[in-house]
K.L.:
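My structure is below; once you've seen it, I'll send some questions.
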Amino acid sequence: MPELPEVETVVRLIRPSLEGRKVTSSRVDWDRTLGGVSRREFQRRLKGSRIDRIWRRAKFIVFDLSRDGRAAGGLVGHLRMTGRMHVEPKGTRPSPYCRVRLDLDDGQVFHFVDVRKFGRLVFHAEPDVLLEGLGPEPLEEEFTAEWLLAGLRSRKRMLKPLLLDQNFVAGLGNIYVDECLHSARLHPLRRSDTVTPAAARRLWAAIRETLQEAIEREGSSFDTFYRTPEGQPGAYQHQFRVYGRTGKPCYDCGAAIARIVVAQRGTHLCRKCQRAPRIRA
DNA sequence: AGCTACTCCTGGTAGC
DNA sequence: TGCTACCAGGAGTAGC
């Protein structure tokens, strides 16, 4: 699923085609994509708006809008499972799964495509409101090993659900959490307040390095749905150490990669490298 | 506080 | 071949 590196890749690719453009009209084919905003309201707000800036926060993609030089709210997009965003020349036949289209003043068309319809493209007068409460960006300076250690120790949660919690750290999803925990040799069920300073530092480094490398490789194409906005598969999936490798040998020790379910999520790990926590009665 | 379960969705796939 | 049943899961929410 698109996680921080995939979303960052999308932002970098669509940004040059969209910043500075005006929306001349729009088309909505699936109302729920608008996240509760009515089709009429969405179209009224978008028509004539200029896209000033496109940026990412966690896995959200934000379009800052203006009218007549004054801020005029924004669009907050989320790709969820299968969402894609790309800009096409006028007349390009849209995918049958295209849910929203924005016609631009240079003749190009922005497409929001989403097979499973979980994705969102929400207009909000104050987009920041929708981003309140998110945890730190893991690649920014605010995310330090010391902060992570303190954050882990101040909670008593299993590592896997905690790292998936966007209000703890922003941008990690199921795939990269599994990768990072394996890299740090930490079990997904390990309670956060039992993590040693050394292990917290390993986890911190794993998160930074994994995400950074994935961005450099333009994300991963874990299934037939996700492609980079250019239609190319990303390259990072070839780097997966545990995700989707159930039964295959761990690259570090050779033991078979196991799959368990944690917090309703498929979870991949090496039982030998990632020691199970003590179970207390 | 932190867990599980449920919801939204549909293409892909396993099993017969 | 063609059918059914189940799987994948990000995030929000309800309930315990």
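All chains are named by letter (A, B, ...) in the order of the sequence lines, taking the proteins before the strands, and each is independently numbered beginning at 1.
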K.L.:
How many whole angstroms separate atom NE2 of A:His268 from atom C1' of C:dG9?
P.N.:
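Distance, rounded to whole Å: 12 Å.
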
K.L.:
Any side-chain N or O of A:Lys156 less than 4.0 Å from the OP1 or OP2 oxygen of B:dC3?
P.N.:
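Checking A:Lys156 against B:dC3: no side-chain N or O falls below 4.0 Å of OP1 or OP2.
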
K.L.:
OP1 or OP2 of C:dA8 versus the side-chain N and O atoms of A:Arg259: is any pair under 4.0 Å?
P.N.:
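Looking at the OP1 and OP2 atoms of C:dA8, one of them is under 4.0 Å from a side-chain N or O of A:Arg259.
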
K.L.:
Consider the side chain of A:His78, meaning its heavy atoms from C-beta on, and name the nucleotide among B:dG11, C:dG9, C:dA11 that approaches it most closely.
P.N.:
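Taking heavy atoms from C-beta onward, the closest nucleotide is C:dA11.
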
K.L.:
Examine A:Arg201 relative to A:Trp204 and say whether NZ or CZ is less than 6.0 Å from the centre of the six-membered ring and inside a 45° cone about the ring axis.
P.N.:
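Yes, a cation-pi geometry.
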
K.L.:
Nearest to the side chain of A:Pro161, heavy atoms from C-beta on, is which of B:dC3, C:dA8, C:dA11?
P.N.:
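Nucleotide nearest to A:Pro161's side chain: B:dC3.
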
K.L.:
State, without any angle test, whether A:Thr24 and A:Asp103 hold a side-chain donor-acceptor pair at a distance under 3.5 Å.
P.N.:
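The answer is no; no qualifying pair exists.
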
K.L.:
CD of A:Glu3 versus P of C:dG9: gap in Å, rounded?
P.N.:
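Rounded to the whole Å, the gap is 10 Å.
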
K.L.:
Between C1' on B:dT4 and CG on A:Leu164, what's the gap in Å once rounded to a whole number?
P.N.:
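It is 15 Å, rounded to the nearest whole Å.
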
K.L.:
Hey, does the Lys NZ or Arg CZ of A:Arg245 hover above the aromatic six-ring of A:Tyr251, less than 6.0 Å from the centre and inside 45° of the axis?
P.N.:
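Yes - A:Arg245 lies over the ring of A:Tyr251, closer than 6.0 Å to its centre and within 45° of its axis.
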
K.L.:
With no hydrogens and no angle check, just 3.5 Å: does a side-chain donor-acceptor pair link A:His86 and A:Glu88?
P.N.:
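The criterion, which ignores hydrogens and geometry beyond distance, is satisfied for A:Glu88 and A:His86.
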
K.L.:
Which is more 5' along DNA chain B, the nucleotide nearest A:Arg99 or the one nearest A:Val262? Just name the residue.
P.N.:
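Between the two, 5'-proximity favours A:Val262.
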
K.L.:
Applying a 4.0 Å non-hydrogen cut-off, can you work out what A:Gln166 is touching in the nucleic acid: base, sugar-phosphate, or nothing?
P.N.:
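Result for A:Gln166 = sugar-phosphate.
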
K.L.:
Atom NZ of A:Lys117 and atom C1' of C:dG12: how far apart are they, to the nearest Å?
P.N.:
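Distance, rounded to whole Å: 20 Å.
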
K.L.:
Rounding to an integer number of Å, can you tell me how far A:Arg116 CZ sits from C:dG10 P?
P.N.:
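To the nearest whole Å, that distance equals 10 Å.
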
K.L.:
Any chance you could measure A:Leu162, atom CG, to A:Lys156, atom NZ, to the nearest 0.5 Å?
P.N.:
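Answer rounded to 0.5 Å: 14.0 Å.
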
K.L.:
Considering just the side-chain nitrogens and oxygens of A:Tyr243, establish if one lies under 4.0 Å of OP1 or OP2 belonging to C:dA8.
P.N.:
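Answer is no, no contact under 4.0 Å.
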
K.L.:
Mind checking who shares a hydrophobic cluster with A:Ile257, ILVMFWY linked at side-chain heavy-atom distances under 4.5 Å?
P.N.:
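The other cluster members (ILVMFWY side chains, heavy atoms under 4.5 Å, direct or chained) are A:Val242.
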
K.L.:
Between the base of C:dA11 and the side chain of A:Arg265, is one N or O donor paired with an acceptor at under 3.5 angstrom?
P.N.:
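Indeed there is one.
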
K.L.:
For the pair made of CG in A:Asp165 and P in B:dC3, what is the distance, rounded to whole Å?
P.N.:
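To the nearest whole Å, that distance equals 10 Å.
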
K.L.:
Check the phosphate of B:dC9 against A:Arg32, side-chain N and O only, distance under 4.0 Å to OP1 or OP2. Yes or no?
P.N.:
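Answer yes for this pair, as a side-chain N or O of A:Arg32 is under 4.0 Å from OP1 or OP2.
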
K.L.:
Let me know the distance between CZ of A:Arg57 and C1' of C:dA11, rounded to the nearest Å.
P.N.:
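After rounding, the gap between these two atoms is 16 Å.
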
K.L.:
Measuring from the side chain of A:Asn174 (C-beta onward, heavy atoms only), which nucleotide among C:dG12, B:dT10, C:dG10 has the closest atom?
P.N.:
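Taking heavy atoms from C-beta onward, the closest nucleotide is C:dG10.
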
K.L.:
Classify the side chain of A:Arg157 and the base of B:dA1 as holding, or not holding, a donor-acceptor pair under 3.5 Å.
P.N.:
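No pair found.
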
K.L.:
Ring of A:Phe118 versus six-membered ring of C:dA11: centres under 5.5 Å and planes under 30°?
P.N.:
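The base of C:dA11 is not stacked with A:Phe118 (the test needs centres under 5.5 Å and planes under 30°).
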
K.L.:
Indicate whether OP1 or OP2 belonging to C:dG9 is found under 4.0 Å from a side-chain N or O atom of A:Gln264.
P.N.:
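No, no such contact exists.
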
K.L.:
Measure CG/A:Asp31 against P/B:dC8 and give the value in whole Å, please.
P.N.:
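Atom CG in A:Asp31 sits about 16 Å away from atom P in B:dC8.
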
K.L.:
When you measure from the side-chain N and O atoms of A:Tyr97 to the phosphate of B:dC9, is any distance below 4.0 Å, counting only OP1 and OP2?
P.N.:
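So the side-chain polar atoms of A:Tyr97 never come under 4.0 Å of the phosphate oxygens OP1 or OP2 of B:dC9.
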
